[in-house]
Amino acid sequence: MGLLEFSKLPINTLVGADWKTFKQITGGRTIDPAYKGKYRLTKAVCRLLSTLTPLQESRYQKLLADKPLEHDPVFILGHWRSGTTFMHNVFSCDKHFGYNTTYQTVFPHLMMWGQPFFKKNMSWLMPDKRPTDNMELAVDLPQEEEFALANMMPYTYYNFWFLPKYTQEYADKYLLFEDISAEELKIFEETFTKLIKISLWNTNGTQFLSKNPPHTGRVKELVKMFPNAKFIYLMRNPYTVFESTRSFFTNTIQPLKLQDISNEEIQANILSVYAKLYHKYEADKHLIPEGNLVEVRFEDYEKNAFDMTQDIYRKLFLPGFEEARPAIEAYVNKKKGYKKNKYQYKPETVELVEKHWSFALEQWDYHL
C-alpha cells in the first residue's frame, strides 16, 4: 500500500506534462474555487519538472527519432470496462511486445533521463491496487497510453478528467477526430509515434501493444498511420459496462478534476460517449484490411483466455506465441481466482441501457 490514497491526491497527473502542454490544456479554462489549491500545486510541480524535458528530447533525437518501427502495432479496442486491461496484461506476457507503462502515463518526459529516481518515488507513494476494481497497480505494469499522450500534447480526450465541463467537446474533437484541424492531427501522429518508440525502447519490445479505449474512435487515423496494424475489439455486456463505467468514472475523476461535475452529468456523458464511440467504430472498421481484425465477446474470453489468445495469434498471424506460452498460461491460471466487482442491475439501469444502448444489445445479442 502506497503512502498516498488515490482519492486524496494533492495534485493531479498533469504534474508530468511539459509546460507548453499544461498551458494549452488549462489556458482560458475556468478552475473552480475548490480546486485552485490543487491547480496551483500541480502547476508548480509541472513547471519545475518541465525544466528536465530537454534532457529527454536530446536523447530521443539522438537514439530514436530517425529509427523506423519494425512492426505496425497491435491495438486492443473497446469501451472502458470492457475487459481491455485483462487482455492487455495477458498479451504483454509475450516479451516481443512493448507497451506504455504506468510510470510512463504520468511522466512521459522522464523516461530516457531520471527514470530510476522518479520511478522509485512514484512506486513508494502509489497504491498497489486500482481503487475501482482491485486490479494490481505497479510502475512497470502495462497501462493505456492516453494519460501519457495527455501529458505530451493538448489534443486528447483525457482532458475531460481535468476539465469535465468540456467532455462533449473533447469527445467530438479528440475521441472521434471530428473538426480536428490538420495541424492538430499532425501533432497527434508525431506525438503518438514518439510515445511508441520510447515505449519499445523502455520495455525492450519490437512491436507496440496498445490498450487504449479512446483509440476505438480513431480507427480511420490509425489505419492511415499503420496500414498493417492488427486490431482486437472487445464487446462486453452493456448493462455491466454501464454500471462499471459509472463507478469507475465517478471515483477516478475525483482526484483529477479541476472543475465540479455532478453524478448526473457524468452519467449523461457516459451514455452519450458510449453511443458515439460505438457508432464511429462500426462506421470505420471496414477500413481495416481483411484479416487484421478480430472481434471478441469479453465473457467468452474471460472463460477461456488461454485458448482464445492462441486463436487470436493465429487469426492475426502474430509471431511469438510458442515462446510466450508458459508466461501466458501462468498469468491466466493466476487470475482464475480473481474476484471482480459484482453488479446488481437496478431497474433504472436496465431502463437507461435499453433506452440508449439498444443497438449494442441487439448486435451482440445481450439480454438479462
Side-chain angles (χ1 to χ4, degrees), residues 11-27 41-73 97-123 139-159 161-162 174 180-210 212 214-215 218 221-222 225-226:
I11 53 178
N12 70 25
T13 54
L14 280 173
V15 292
D18 65 273
W19 184 234
K20 181 181 178 182
T21 295
F22 183 92
K23 290 192 295 181
Q24 287 179 301
I25 290 174
T26 58
L41 183 56
T42 301
K43 180 180 180 180
V45 176
C46 172
R47 188 72 183 96
L48 179 63
L49 294 179
S50 286
T51 61
L52 304 175
T53 300
L55 296 172
Q56 169 160 301
E57 185 60 24
S58 176
R59 289 205 71 193
Y60 175 78
Q61 291 298 328
K62 182 179 180 180
L63 299 177
L64 301 177
D66 296 327
K67 186 178 180 181
L69 295 175
E70 293 182 46
H71 307 284
D72 284 353
F97 285 124
Y99 45 80
N100 182 92
T101 65
T102 300
Y103 170 81
Q104 188 177 1
T105 63
V106 183
F107 298 113
H109 303 292
L110 295 170
M111 295 295 296
M112 303 182 75
W113 188 93
Q115 183 177 167
F117 172 79
F118 290 103
K119 187 162 68 175
K120 183 177 180 180
N121 283 277
M122 180 175 170
S123 178
V139 287
D140 288 320
L141 284 178
Q143 190 58 261
E144 63 187 73
E145 60 263 24
E146 195 76 3
F147 272 117
L149 290 172
N151 279 341
M152 299 172 75
M153 63 175 174
Y155 312 126
T156 76
Y157 175 58
Y158 274 10
N159 294 345
W161 291 115
F162 320 119
Y174 304 133
I180 189 172
S181 71
E183 179 59 26
E184 289 171 337
L185 210 52
K186 182 173 182 289
I187 291 172
F188 172 86
E189 292 173 354
E190 292 172 349
T191 305
F192 186 34
T193 300
K194 176 186 284 190
L195 179 144
I196 290 173
K197 289 182 178 182
I198 293 173
S199 298
L200 293 174
W201 170 87
N202 182 56
T203 55
N204 296 310
T206 57
Q207 184 172 25
F208 185 66
L209 178 67
S210 165
N212 198 49
H215 285 334
R218 301 168 180 159
E221 178 64 20
L222 295 177
M225 290 179 67
F226 309 108

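Nothing here was measured: the structure is a model prediction, and the numbers come from that model.
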Quiz item: Once you round to the nearest 0.5 Å, how far does CE of Met153 lie from OG1 of Thr21?
Solution: 9.0 Å
Quiz item: In terms of ring plane angle, is the pair Phe226 and Phe192 parallel, tilted or perpendicular, where the classes change at 30° and 60°?
Solution: perpendicular
Quiz item: Are the side chain of Ser58 and the backbone of Leu55 linked by a donor-acceptor contact shorter than 3.5 Å?
Solution: no
Quiz item: When rounded to the nearest 0.5 angstrom, what distance separates CG in Leu110 from OG in Ser50?
Solution: 9.0 Å
Practice problem: Could you verify whether a donor N or O on one side chain and an acceptor N or O on the other, from Glu145 and His215, lie under 3.5 Å apart? | Solution: yes
Quiz item: Is the shortest heavy-atom distance from the side chain of Trp161 to the side chain of Glu146 under 4.5 Å?
Solution: no
Exercise. Tell me, please, which residues at least two apart from Lys194 pass salt bridge (charged side-chain N to carboxylate O under 4.0 Å, His left out).
Key: Glu57
Quiz item: Is there a side chain to side chain contact (heavy atoms under 4.5 Å, CB included) between Phe188 and Met225 once you walk through the steps?
Solution: CA-CA 11 Å; Phe188 172 86; Met225 290 179 67; 4.1 Å; yes
Quiz item: Of Glu184, Glu189, Glu190, which meets salt bridge (Lys or Arg N to Asp or Glu O under 4.0 Å) against Lys186?
Solution: Glu190
Self-check item: Trp19 side, atom CH2; Leu49 side, atom CG - distance, nearest 0.5 Å
Solution: 11.5 Å
Self-check item: CG-NZ distance between Asn12 and Lys43, expressed to the nearest 0.5 angstrom
Solution: 13.5 Å
Quiz item: Side-chain contact, heavy-atom cut-off 4.5 Å: Thr191 with Leu149?
Solution: yes
Exercise. State, yes or no, whether a side-chain contact exists between Thr206 and His71 at a heavy-atom distance under 4.5 Å.
Key: yes
Quiz prompt | Side-chain heavy-atom pair Pro108, Asn151 within 4.5 angstrom cut-off | solution = yes
Quiz item: Heavy-atom distance under 4.5 Å between the side chains of Phe208 and Leu195, does that happen here?
Solution: yes
Exercise. Find out whether Thr42 and Phe162 are in side-chain contact, i.e. whether some heavy atom of one side chain is under 4.5 Å from a heavy atom of the other.
Key: no
Exercise. With the side chain counted from C-beta on, respond yes when Thr101 and Val139 share a heavy-atom pair under 4.5 Å apart, and no when they do not.
Key: no
Quiz item: Is there a donor-acceptor contact under 3.5 Å from the side chain of Arg59 to the main chain of Leu64?
Solution: no
Quiz item: In terms of the angle between their ring planes, are Phe107 and Tyr103 parallel, tilted or perpendicular, with boundaries placed at 30° and 60°?
Solution: tilted
Self-check item: Test log, rule side chain to side chain contact (heavy atoms under 4.5 Å, CB included), inputs Leu69 and Leu200
Solution: CA-CA 9 Å; Leu69 295 175; Leu200 293 174; 3.9 Å; yes
Quiz item: For the atom pair SG (Cys46) and CD1 (Ile11), what is the distance rounded to the nearest 0.5 Å?
Solution: 10.5 Å
Quiz item: Under 4.5 Å between any side-chain heavy atoms of Lys197 and Tyr60, yes or no?
Solution: yes
Self-check item: Atom pair CD1 (Ile180) and OH (Tyr155), whose distance is rounded to the nearest 0.5 Å
Solution: 8.5 Å
Quiz item: Applying the side-chain hydrogen bond (donor to acceptor under 3.5 Å, both in side chains) test to Asp18, which of His109, Gln56, Lys23 qualifies?
Solution: His109
